[in-house]
Amino acid sequence: MENGAAQPVIVAIDGPSGTGKSSTSKAVAAQLGLSYLDTGAQYRAITWWMVTNGIDIDDPSAIAAVAGKPEIVSGTDPNAPTITVDGTDVSAPIRTQEVTSKVSAVSAVPEVRARITELQRSIAAGAEHGIVVEGRDIGTTVLPDADLKIFLTASPEARAARRSGELKGADLHSTREALLKRDAADSSRKTSPLAKADDAVEVDTTDLTLAQVIECVVTLVEEKRAGK
Ligand SMILES: Nc1ncnc2c1ncn2[C@@H]1O[C@H](COP(=O)(O)OP(=O)(O)OP(=O)(O)O)[C@@H](O)[C@H]1O
Ligand SMILES: Nc1ccn([C@@H]2O[C@H](COP(=O)(O)O)[C@@H](O)[C@H]2O)c(=O)n1
């Protein structure tokens, strides 16, 4: 590239719930001038649409039949990410307990995954300076040729404590059980389960501060860009 401008870099960050994917990905993207895509928000958005339109979440064929209907648009500025469905801002309603409890069932439907995966690939391909894409199957399925793949982990106890803090004193035990239940569903589905890519760098964040995780990932991206 002319004038020493950095090549676009594609970074895939996967891992179970509460490992710090969103916080890390946003900060890394902002620091490095990259776009940011929260793929969990897209699966939450399509789940919100199913719930709002009275689709039976326990019926995969009913979900599959309408998977192509909602128009989901993701804004990829890491400092102000957005998500709309048919023009409606759904950034708040996709975080409700109802959506969280139903998203694994909706995201397991192959027609939903095919639709959302296509959208994710087209967003990544259009990111001029590169992008950090976070989710569950980015390194394995969505962007198998990503320049750098990271798999974040943390103990269930650390993840539950982080989430309980967020939910202002929510019961630690039930938070931990809910996290593990969602991970089990996401890891055991047939199509594109939550998994570490063979060539991903695993970062255990249990005993790291968020700032340390961000620094670690920024360093890995910079090393990759420098060709190390
Ligand atoms: N290393 C860390 N140390 C302490 N707290 C952290 C760390 N990483 C993230 N957190 C906090 O944990 C919570 C969950 O983080 P985040 O939403 O980034 O996780 P996630 O992996 O994207 O979760 P999910 O997949 O459920 O969306 C947030 O409140 C975040 O600030
Ligand atoms: N690549 C992905 C990303 C997410 N999911 C599903 O969405 C749920 C919500 O994700 P959050 O990151 O917002 O917690 C998650 O539990 C998965 O069911 C997915 O399947 N693939």
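Since the structure is predicted, the reported quantities are computational estimates derived from the model, not experimental observations. Indexing begins at 1, ligand by ligand and atom by atom, following the structure's order.
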Answer with yes or no whether the side chains of [Y] and [X] bring together a donor and an acceptor at under 3.5 Å.
X	Y	value
Ser17	Asp183	no
Tyr43	Arg113	yes
Asp86	Thr88	no

Side-chain donor or acceptor of [X] paired with backbone N/O of [Y] under 3.5 Å:
X	Y	answer
Arg159	Thr19	no
Thr96	Pro93	yes
Asp14	Gly139	yes

Revision key, fill the gap. Sorted by chain and residue number, the residues having a heavy atom closer than 4.0 Å to an atom of ligand 1 are Pro16, Ser17, Gly18, Thr19, Gly20, Lys21, Ser22, Ser23, Arg136, Arg162, Arg163, Glu166, Arg182, Leu208, Thr209, Leu210, Val213

Practice item. Before accepting this row, confirm whether a basic side-chain N of the pair Glu177/Lys181 lies closer than 4.0 Å to the acidic partner's carboxylate O. Key: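 Looking at Lys181 together with Glu177, the answer is no, because their closest N to O distance does not fall below 4.0 Å.
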
Practice item. List, ordered by chain and residue number, the protein residues whose closest non-hydrogen atom lies under 4.0 Å from any atom of ligand 2. Key: Thr39, Gly40, Tyr43, Arg44, Arg95, Val103, Ser104, Ser107, Arg113, Gly135, Arg136, Asp137, Ile138, Arg182, Asp186, Arg189

Review point. Could you go step by step and tell me if Thr175 and Arg163 meet the side chain to side chain donor-acceptor pair (under 3.5 Å) rule?
Key: CA-CA 7 Å; Thr175 304; Arg163 278 271 175 256; over 6 Å; no

**Study point:** CG/Asp199: more than 12 non-hydrogen atoms of other groups inside 6.0 Å
**Key:**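 Counting other residues, nucleotides and ligands, CG of Asp199 exceeds 12 neighbours.
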
